Amino acid sequence: MIVFNTAEQLKNHLNDLRAQKKTIGFAPTMGALHQGHISLIRIAHQHCDVVVCSVFVNPTQFNDIKDLDKYPRTILADTSLLRTSNCDILFAPEVSEIYTEEELEMKRNNQEDRTWMEGKSVDFGLLDKVMEGAHRPGHFNGVAQVVSKLFRLVNPDKAFFGQKDFQQLSIIKSMVTQMEMPIEIVACPIVREEDGLAMSSRNRRLTPEERKEVPSISKLLFFIKDIYKTHPIKRLKEVVENYYALEKLIKLEYFEIVDSETLQPITNFNNSKSAVACIAVKLESVRLIDNVILY
Ligand code: PAF
């Protein structure tokens, strides 16, 4: 595996590979890698000749500075895990390699930077107004900003994202379409711990007591998947809300059943071709999300 810290070196190397007609797969990450990320590398290898992984904790997608500070940074462990996971190229840039001082200043002043759209009027419509978008103002603009920058540097044929961040996937697909980027976005299944907890870099911040309680998140989602055909949506929401009303360590932020295309909450399954149940919970140390595709 080759490690690049500068965009210039990365671009030169990738240009050489492209001249050799190699196809390029890309898995962007924020590091603190786990088997969920490694599954992206594995799937990328099934699609492409060369796999690039980036590790970059993106400051512009954090709406809470404390969350950015606390985000785990484990580049040495990440590098060795990638080396043993068949990754070809690791791109691990400094912040100054990705952002100009003006862009960082805008973030510090809480101004939404739309320069990444490069003159196009990218509009996510209602996609970024619900769930994560409603609870984390500016988050998806920061995600789209960094992903568009990384896409321009790597210029991959295909890019691989985990379905755990279901809404992020929709935003990125929409961005690629609106920016007319010739990149195929591949959605990869959620990887779970044995007890069902969706793998996440944030899980390592859970206290032992919290860790014992969090499998309830996926257990409830699977339960909802088992019973959704025979219960009205209102009742399904009550099941989850009532469970967390009695939970001491976990606070429910939202539980929504949404149309998989529009991400808008639905009240009747007959009106949607496909639906997904999405949840976000807050604990003292961390905030977690998960989802399950109902049909
Ligand atoms: O999903 C993530 O880890 C991040 O949001 C991403 C896509 C790497 C952008 O920083």
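Bear in mind that the values here come from a model prediction, so they are computed numbers and not experimental data. In listed order, ligands and their atoms are each counted from 1.
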Enumerate donor-acceptor pairs with a distance under 3.5 Å from any side-chain N or O in residues 116-127 to protein atoms, sequence neighbours excluded.
residue : atom : partner : partner atom : Å
W116    : NE1  : D113    : O            : 3.3
W116    : NE1  : N141    : OD1          : 3.0
E118    : OE1  : R152    : NE           : 3.4
E118    : OE2  : R152    : NE           : 3.4
D123    : OD1  : G125    : N            : 2.8

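- Closest to atom 2 (C) of ligand 1, if we only count protein heavy atoms, is Q168 NE2, 3.9 Å.
- Using modelled atom types, one side-chain atom of D78 and one backbone atom of L33 make a donor-acceptor pair closer than 3.5 Å.
- Listed for the S285 side chain is a donor-acceptor partner under 3.5 Å among the backbone atoms of R205.
- Considering every non-hydrogen atom in both F26 and C53, the closest pair reads CE1-C, 4.4 Å.
- Counting atoms of ligand 1 from 1 in the listed order, those under 4.0 Å from a heavy atom of Q61 are 4 (C), 5 (O), 9 (C), 10 (O).
- Contacts with ligand 1 closer than 4.0 Å are made by no heavy atom of I172, backbone or side chain.
- Which parts of ligand 1 touch V146 is read off a 4.0 Å heavy-atom cut-off, strictly below it: atoms 9 (C), 10 (O).
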